[in-house]
Amino acid sequence: MQRLLLLMTTTTYRAHAFLEAARRLDVPVVIGSERPQALAAANPAGHLTLDFQAPDEAARGIAEFAAHYPIAGIVAADDDGVILAAMAAAALGLAHNPVEAVMAARNKYRMRQVLATAGLRCPRFRRFAIDDDPAAIAPQVDYPCVVKPLSLSASRGVIRADDPVQFVAAFRRVVAILRRPDVAVS
């Protein structure tokens with residue numbers, strides 16, 4: 001039986017769309033998520049608990065699972081699972097994007113470096129640590145600018161600043177978002 005492993009956190013809002021598409025295509029789905037599901041024991045081939053923050057370990061778990069329940073493809077429903085999807089697909093010999101490319105795409109600074117090195121045009125960019133003093137950084141920045149975290153998606157923490165005062169406020173807001181316990185930063 002050809003199974004698709006769908007990697008998604010339990011907080012995703014995309015689950016319904018992916019599961020509906022699989023149902024329409026009549027593709028059996030294994031759900032890979034970060035928390036064990038209450039009825040997982042009743043369908044061991046249908047669920048896999050994985051630590052998305054430890055992709056090497058999780059990829060090994062997927063390979064062990066696939067030895068008993070073959071997987072034909074791996075799809076990440078959200079950014080949280082794309083690196084794991086690439087790593088696990090590589091380990092299983094499935095079609096996948098190169099892990100290094102996925103890692104670069106997940107990190108906005110690294111992505112800009114890769115694009116610039118390749119000679120592609122991209123906006124000016126700089127990276128600052130969250131512990132830096134935004135008031136000290138503000139005079140070094142060209143305006144308008146966009147302050148954004150390296151790895152969040154769906155525009156979380158992406159804030160425009162037109163001057164140093166707005167930059168300081170935006171920087172502090174992004175830091176507050178990144179320090180929230182419910183925000184996983186890779």
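In this text the structure is predicted, and so the values were computed from the model without any measurement.
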Hydrophobic cluster membership, with links at side-chain heavy-atom distances under 4.5 Å among I/L/V/M/F/W/Y: are [X] and [Y] in one?
| X | Y | value |
| --- | --- | --- |
| V75 | L50 | no |
| L5 | L92 | yes |
| I137 | L178 | yes |
| V158 | V147 | no |
| V99 | V82 | yes |

Do any N or O atoms from the side chain of [X] and from the backbone of [Y] form a donor-acceptor pair under 3.5 angstrom?
| X | Y | answer |
| --- | --- | --- |
| E20 | H16 | no |
| R106 | S151 | yes |
| N107 | Y109 | yes |
| H96 | L94 | yes |
| K108 | L152 | yes |
| Y69 | P44 | no |

Rounded at 0.5 Å granularity, tell me how far [atom1] in [X] sits from [atom2] in [Y].
| X | Y | atom1 | atom2 | result |
| --- | --- | --- | --- | --- |
| D51 | D56 | CG | CG | 11.0 Å |
| R156 | K148 | CZ | NZ | 14.0 Å |
| D78 | F18 | CG | CZ | 7.5 Å |
| M111 | F125 | CE | CZ | 9.5 Å |
| I83 | L7 | CD1 | CG | 12.0 Å |
| I31 | T10 | CD1 | OG1 | 11.5 Å |

Could you pull out the closest heavy-atom pair between [X] and [Y], with the gap in Å?
| X | Y | value |
| --- | --- | --- |
| A138 | Y143 | O-OH, 2.7 Å |
| I177 | G157 | CD1-CA, 3.8 Å |
| C145 | V141 | SG-CG1, 3.7 Å |
| A15 | M8 | CB-SD, 3.5 Å |
| A72 | Q2 | CB-OE1, 2.6 Å |
| I74 | A89 | CD1-N, 3.6 Å |

Exercise for the section: For residues 114-127, pull every pair meeting side-chain hydrogen bond (donor to acceptor under 3.5 Å, both in side chains), keeping only residues two or more places apart or in separate chains. Expected result: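 For residues 114-127, and leaving out neighbouring residues, the side-chain hydrogen bond (donor to acceptor under 3.5 Å, both in side chains) pairs sorted by first residue read R124-D142, R126-Q140.
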Exercise for the section: Flag the pair V29 / R3 as yes when at least one side-chain heavy-atom distance between them is below 4.5 Å, and no otherwise. Expected result: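 A side-chain contact under 4.5 Å is absent here.
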Problem - Sequence-distant partners of R179, salt bridge (charged side-chain N to carboxylate O under 4.0 Å, His left out), two or more places apart - result: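 Partners of R179 by the salt bridge (charged side-chain N to carboxylate O under 4.0 Å, His left out) criterion, ordered by chain and then number, come out as D131.
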Handout entry: Trace of the salt bridge (Lys or Arg N to Asp or Glu O under 4.0 Å) decision for R160 with D162
Key = CA-CA 7 Å; R160 179 183 165 133; D162 292 323; 2.6 Å; yes
Practice task
Evaluate side chain to side chain contact (heavy atoms under 4.5 Å, CB included) for V30 paired with L6, printing each intermediate quantity in order.
Solution key: CA-CA 6 Å; V30 177; L6 178 57; over 6 Å; no
Practice task
Give the intermediate values and the outcome of side chain to side chain contact (heavy atoms under 4.5 Å, CB included) for residues I71 and F65.
Solution key: CA-CA 9 Å; I71 295 170; F65 180 89; 3.9 Å; yes
Exercise for the section: State whether a side-chain donor-acceptor pair under 3.5 Å links E34 with T49. Expected result: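 On atom types as modelled, these side chains do not qualify, holding no pair under 3.5 Å.
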Exercise for the section: Tell me, yes or no, whether the heavy-atom count around R14 atom CZ, taken from other residues, nucleotides or ligands under 6.0 Å, exceeds 12. Expected result: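 Yes, enclosed.
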